[in-house]
Amino acid sequence: MGGASDRPPPDPAGRYERIYSVVRRIPAGRVATYGQVAELAGLSGHARMAGYALHALPEHSTVPWHRVINAQGRLSLRADGEGGALRQRFRLEEEGVEFDLSGRVSLKRYRWKGRKSRTDARK
DNA sequence: CATTTGACATCTT
DNA sequence: TAAGATGCCAAAT
């Protein structure tokens, strides 16, 4: 067993990097939920971690954090008030993502089908 | 070192 | 559809 059990994060100082890596793979015009990002990052079940990672992300970062939304298809941003969320919404609209009257995104249509790496569909 | 809080998800009422 | 409760991990105080 190679030791290390099955714990994915061998990076005590770069766990977030794993999250960023997944977010970077999100194509424009597509969105992914925190839970999905966490799962692709190897932290399945720990959706919160994904959120913290993005929050700790600097603005000048090249990570398209605006493509990451919550499972309700809604934007989640407490800091910066609604301005931050509003800014994110405009950014997504600019990429082709549409919002409904409730301010929610149709995950059914814009959800990014990201796999764990592997062009193979599954298995 | 213990407590609190935080870019969430999922289930239940 | 909305609202409340629970679980998760990490950083801040």
Side-chain angles (χ1 to χ4, degrees):
Chain A
M1 29 168 292
S5 324
D6 45 349
R7 207 185 344 66
D11 301 305
R15 280 200 252 288
Y16 286 10
E17 290 295 330
R18 197 169 283 270
I19 303 288
Y20 306 145
S21 185
V22 175
V23 177
R24 271 188 198 131
R25 286 160 51 189
I26 303 176
R30 223 84 199 180
V31 295
T33 66
Y34 291 98
Q36 190 176 353
V37 171
E39 185 176 354
L40 291 171
L43 304 171
S44 115
H46 305 121
R48 261 182 162 175
M49 231 333 77
Y52 303 142
L54 294 179
H55 178 225
L57 195 65
E59 276 189 43
H60 34 286
S61 184
T62 60
V63 179
W65 56 271
H66 56 265
R67 288 182 195 144
V68 184
I69 61 180
N70 63 23
Q72 293 184 351
R74 234 181 204 196
L75 307 180
S76 303
L77 275 166
R78 297 203 167 182
D80 295 332
E82 300 179 355
L86 207 55
R87 193 179 78 197
Q88 182 176 2
R89 170 170 174 172
F90 283 127
R91 212 147 196 180
L92 288 172
E93 284 185 324
E94 197 176 334
E95 297 200 343
V97 179
E98 294 181 17
F99 285 74
D100 37 14
L101 298 169
S102 300
R104 292 188 289 195
V105 182
S106 297
L107 290 172
K108 249 186 205 195
R109 287 181 44 187
Y110 296 102
R111 196 178 211 204
W112 170 52
K113 285 141 268 257
R115 293 114 148 119
K116 277 227 177 159
S117 51
R118 255 234 205 208
T119 339
D120 201 40
R122 179 140 61 93
K123 169 227 331 4

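Nothing here was measured: the structure is a model prediction, and the numbers come from that model. Letters A, B, ... are given to chains in the order of the sequence lines, protein chains preceding strands, and every chain is numbered from 1.
- One can place CG of A/Leu75 at 11 Å from P of B/dC8, the figure rounded to the nearest angstrom.
- Applying the 5.5 angstrom centroid cut-off and the 30 degree plane-angle cut-off, the aromatic ring of A/Tyr52 is stacked upon the base of B/dG6.
- With C/dA10, B/dG6, B/dT10 as the choices, the nucleotide that has an atom nearest any side-chain atom of A/Ala71 turns out to be B/dT10.
- The CD1 atom of A/Ile19 sits 12 Å away from the P atom of C/dA11 (whole-angstrom rounding).
- Taking the charged nitrogens against the carboxylate oxygens, A/Glu95 and A/Arg91 have no contact shorter than 4.0 Å, which rules out a salt bridge.
- Rounded to whole angstrom, the span from the CD atom of A/Glu39 across to the C1' atom of B/dT10 amounts to 14 Å.
- Residue A/Gln72 qualifies as open at atom CD: its count of foreign heavy atoms under 6.0 Å is 12 or below.
- B/dC8 atom P lies 13 Å from atom CH2 of A/Trp65, rounded to whole Å.
- Dashed line: the shortest gap from a side-chain N or O of A/Arg104 to OP1 or OP2 of C/dA2 is under 4.0 Å.
- One can place CD of A/Gln36 at 13 Å from C1' of B/dA9, the figure rounded to the nearest angstrom.
- Taking atom CE on A/Met49 and atom P on B/dT5, their separation rounds to 17 Å, with Å as the unit.
- A donor-acceptor contact shorter than 3.5 Å is absent between the side chain of A/Arg30 and the backbone of A/Lys113.
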Candidate pair A/Phe99 and A/Leu75, rule side chain to side chain contact (heavy atoms under 4.5 Å, CB included), full reasoning: CA-CA 11 Å; A/Phe99 285 74; A/Leu75 307 180; 4.2 Å; yes
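- Closest contact between the side chain of A/Ala47 and the listed nucleotides C/dA11, C/dC8, B/dC8 involves B/dC8.
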